[in-house]
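Data first, discussion second: the structure below is written as structure tokens.
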Amino acid sequence: MTGRTLGVSAAFVRGRLLRGDVRVDDGFVAEVGLPAASGGRIAAPGLVDLQVNGFAGIDLMTADADGIRAISRALPAYGVTAWLPTLITASLPDTEAALDALAAALDRAGQEPVGTAATMLGVHLEGPYLSARRLGTHPPEHRRDPDAAELDAWRRRAPVVAVTLAPELPGAVDLVARLSAVGVLVSLGHSDATAAQAHAAFDAGARSVTHLFNAMSPLLHREPGLPGAALARPDVVVQLLLDGHHLAPDVVRLTWAAARGRVVLVTDATAAAGCPDGTFALGDVQLEVNDGVVRNQDGALAGSALTLSAAVTNAVELGIDPVDALAAVTTAPAALLGRADIGVLRPGGRADIAVFGDDMVLQETFVAGQPIEPALG
């Protein structure tokens, strides 16, 4: 027998924990369900993060192609083997420059040595078509209403695979339908939408909500807003930011009870993620990080310093079933993007694997079968 076994007691396979060890060979998963190792370790597919604005001191709005590739090399130490670079609202020149840098980085991704870097999945545009009332930390001077021609031009510059927008804006529902028809994931967010406006966008093809409850209309008992509409629909995936600051524990538990099987965990990571406390940037916005909490100069939360492996640990500590937590960072985000080649652990598939201890803390990552030690802290 060639290759190596991972020394795990179970593996997350086809939505359940399959008892037994895993063998990898020549960069691929060779077997699952082998005699289980002791110790309670769990092998999961490599984690998939759909909202990364920056990482390891690098901000995507200003990074060049080399900086973007450095993020791809840094993420596996935190369990992530596939990620979606995310750009916030910015000026037209800055957006175009960031898109060009991402396109160049994607073109050069194949130059990375095998087993060293997470896979970039395209580009996520979080803005600029957002509500002026729900901008969060997005710069208000660059916010604007939907412009299909502008977005078409951006899509020609780089492979935009996901867009976050506010559905109540003029022309937004038509843009949702147009993007959905060509396979672009539309997620609703930074929105003051009523439930009726949200339902209209979901009916037009929107399939997700960006960082549920944050920067959006509230859920009220007579006007459920965007959160209520999303939770009520079995065809909508809700994205949660579990850093211990953006959502109260009971809100997390309530959401999971209402939307089990359609939750995706994201980080909304800024350049502060993977770094000690300090001063960072998110485009034009200065960020201050104290005790791991990221705030802008007005003191408002502004993205996070969260890592996706920590989000899994946080979810389990709140009482979420480990199987559900693992699905929310593997199969669920992969399915949302329509990618069958990521977020799965199966014989014949690439050996992108995150290994957790019985406490659901990351212990090791494999990229194409190559081991990567976890980052400390």
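Side chains included, hydrogens not; waters and symmetry mates left out as well; all remaining heavy atoms used.
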- Is the backbone of S304 close enough, under 3.5 Å, to the side chain of D268 for a donor and an acceptor to pair up by distance? no
- Side chains of S217 and D192: is there a donor and an acceptor less than 3.5 Å apart? no
- Item | Salt bridge R41-D359, side-chain N to carboxylate O under 4.0 Å | no
- Task: Working to the nearest 0.5 Å, report the span between OG of S187 and CG of L336.
- Result: 7.5 Å
- Message: Under the criterion side chain to side chain contact (heavy atoms under 4.5 Å, CB included), I'd like the reasoning laid out for N214 against L247: C-alpha separation, chi angles, the key distance, then a yes or no.
- Response: CA-CA 8 Å; N214 288 282; L247 296 170; 3.7 Å; yes
- Task: Considering only NZ, NE, NH1 and NH2 on the basic side and carboxylate oxygens on the acidic side, decide whether D235 and R207 come within less than 4.0 Å.
- Result: no
- Message: Taking I320's backbone N and O only, do any of them form a donor-acceptor pair with R253's side chain (distance below 3.5 Å, no angle check)?
- Response: no
- Message: Count I, L, V, M, F, W, Y as connected when their side-chain heavy atoms are under 4.5 Å apart, and connections chain through other members. Are V176 and L50 then in the same cluster?
- Response: no
- Task: Verify side chain to side chain contact (heavy atoms under 4.5 Å, CB included) between V29 and I353, making sure each step is shown before the conclusion.
- Result: CA-CA 9 Å; V29 177; I353 300 169; 4.2 Å; yes
- Task: Measure from the side-chain N and O atoms of T116 to the backbone N and O of E112, and report whether any donor-acceptor pair falls under 3.5 Å.
- Result: no
- Message: Counting C-beta onward and ignoring hydrogens, is there a side-chain heavy-atom pair between V48 and V329 closer than 4.5 Å?
- Response: no
- Message: If you define the side chain from C-beta out and look only at heavy atoms, does anything of V361 sit under 4.5 Å from F356?
- Response: no
- Task: For the pair D277 (side chain) and D291 (backbone), establish whether a donor and an acceptor sit closer than 3.5 Å, ignoring hydrogens and angles.
- Result: yes
- Query: Hey, is CZ on R108 packed in by over 12 heavy atoms from elsewhere, all under 6.0 Å?
  - Reply: yes
- Task: Applying ring pair (Phe, Tyr, Trp, His ring centres under 6.0 Å), name anything that partners H124, two or more places apart in sequence or on another chain.
- Result: none
- Query: So if you build clusters from Ile, Leu, Val, Met, Phe, Trp, Tyr with side-chain heavy-atom gaps below 4.5 Å, do V263 and L185 land together?
  - Reply: no
- Nearest heavy-atom neighbours spanning L135 and P140: CD1-CA, 3.5 Å
- Scanning both residues in full, the closest heavy-atom pair of Q370 with G115 reads CB-O, 3.7 Å
- Message: Is any side-chain heavy atom of M216 closer than 4.5 Å to one of V209?
- Response: yes
- Query: Any chance the rings of H211 and H246 have centres within less than 6.0 Å?
  - Reply: no
- Do S191 and E168 have side-chain N/O donor and acceptor atoms under 3.5 Å apart? yes
- Message: Can you tell me how far apart CG (N53) and OG1 (T270) are? Round to the nearest 0.5 Å.
- Response: 7.0 Å
- Pick from R346, R4, R23: which one makes a salt bridge (Lys or Arg N to Asp or Glu O under 4.0 Å) with E31? R23
- Message: Do T267 and D49 pair up side chain to side chain, a donor and an acceptor below 3.5 Å, judged on atom types alone?
- Response: yes
- Is a donor on one side and an acceptor on the other found under 3.5 Å between the side chain of R260 and the backbone of T255? no
- Message: Are the side chains of L188 and L226 in contact, using a 4.5 Å heavy-atom criterion?
- Response: yes
- Test side-chain hydrogen bond (donor to acceptor under 3.5 Å, both in side chains) applied to R339 - qualifying residues, sequence neighbours left out: D341
- Message: Can you tell me how far apart CG (L47) and CG (L265) are? Round to the nearest 0.5 Å.
- Response: 10.0 Å
- Item | Nearest heavy atoms of G189 and L130, plus distance in Å | O-CD2, 4.1 Å
- Assess the side chains of Q297 and E288: does a donor N or O sit below 3.5 Å from an acceptor N or O? no
- Task: Verify, without hydrogens or angle tests, whether Q197 (side chain) and T194 (backbone) share a donor-acceptor contact under 3.5 angstrom.
- Result: yes
- Query: Can you check whether L242's main-chain N or O pairs, donor with acceptor, with N314's side chain at less than 3.5 Å?
  - Reply: yes
- Are L282 and M61 side-chain neighbours, meaning at least one heavy-atom pair lies under 4.5 Å? no
- Query: Any idea how F55 and Y78 line up, ring-wise: parallel (<30°), tilted (30 to 60°), or perpendicular (>60°)?
  - Reply: perpendicular
- Message: Starting from L75, can I reach I372 by hopping between I/L/V/M/F/W/Y residues whose side chains sit under 4.5 Å apart?
- Response: no
- S72 and W83: side-chain hydrogen bond (donor to acceptor under 3.5 Å, both in side chains), yes or no, with the steps? CA-CA 8 Å; S72 287; W83 66 293; 2.9 Å; yes
- Report the distance from atom NE2 of H138 to atom OG1 of T89, rounding to the nearest 0.5 Å. 5.0 Å
- Task: Kindly determine whether T5 and V22 satisfy side chain to side chain contact (heavy atoms under 4.5 Å, CB included), including the steps that lead there.
- Result: CA-CA 5 Å; T5 55; V22 174; over 6 Å; no
- Heavy atoms, side chains only, cut-off 4.5 Å: are T210 and E126 in contact? yes
- So among V355, L17, V8, which one has a side-chain contact (heavy atoms from CB on, under 4.5 Å) with I42? L17
- Task: Would you mind listing every salt bridge (charged side-chain N to carboxylate O under 4.0 Å, His left out) that reaches into residues 144-155, with sequence neighbours excluded?
- Result: R143-D145, R144-E150, D152-R178
- Message: Ignoring hydrogens, what is the shortest heavy-atom contact between V294 and G303? Give both atom names and the distance.
- Response: CB-O, 4.0 Å
- Message: Tell me whether L306 shares a hydrophobic cluster with V52, the cluster being built from Ile, Leu, Val, Met, Phe, Trp, Tyr side chains joined at under 4.5 Å.
- Response: no
- Message: Within the 3.5 Å criterion, strictly below it, is a donor on S208 or Q239 matched to an acceptor on the partner's side chain?
- Response: yes
- Query: Are any non-hydrogen side-chain atoms of T81 and T365 less than 4.5 angstrom apart?
  - Reply: yes
- Item | Pairwise distance CG(L326) to CG(L345) - rounded to 0.5 angstrom | 11.0 Å
- Message: Which heavy atom of G122 sits nearest to which heavy atom of P85, and what is that distance?
- Response: O-CD, 3.0 Å
- Task: Would you check if the side chain of D298 reaches a backbone N or O of A300 as a donor-acceptor pair within less than 3.5 Å?
- Result: no
- Item | Linked, directly or transitively: V266 and V238 (ILVMFWY side chains, under 4.5 Å) | no
- Heavy-atom side-chain contact between D94 and D284 under 4.5 Å: yes
- Item | Stepwise side chain to side chain contact (heavy atoms under 4.5 Å, CB included) check, I342 with D352 | CA-CA 8 Å; I342 59 174; D352 289 348; 5.8 Å; no
- Return the minimal non-hydrogen interatomic distance between A334 and G343, and the atom names on each side. CB-CA, 4.2 Å
- Item | CG on L308 to CG on L362, rounded to 0.5 Å | 10.0 Å
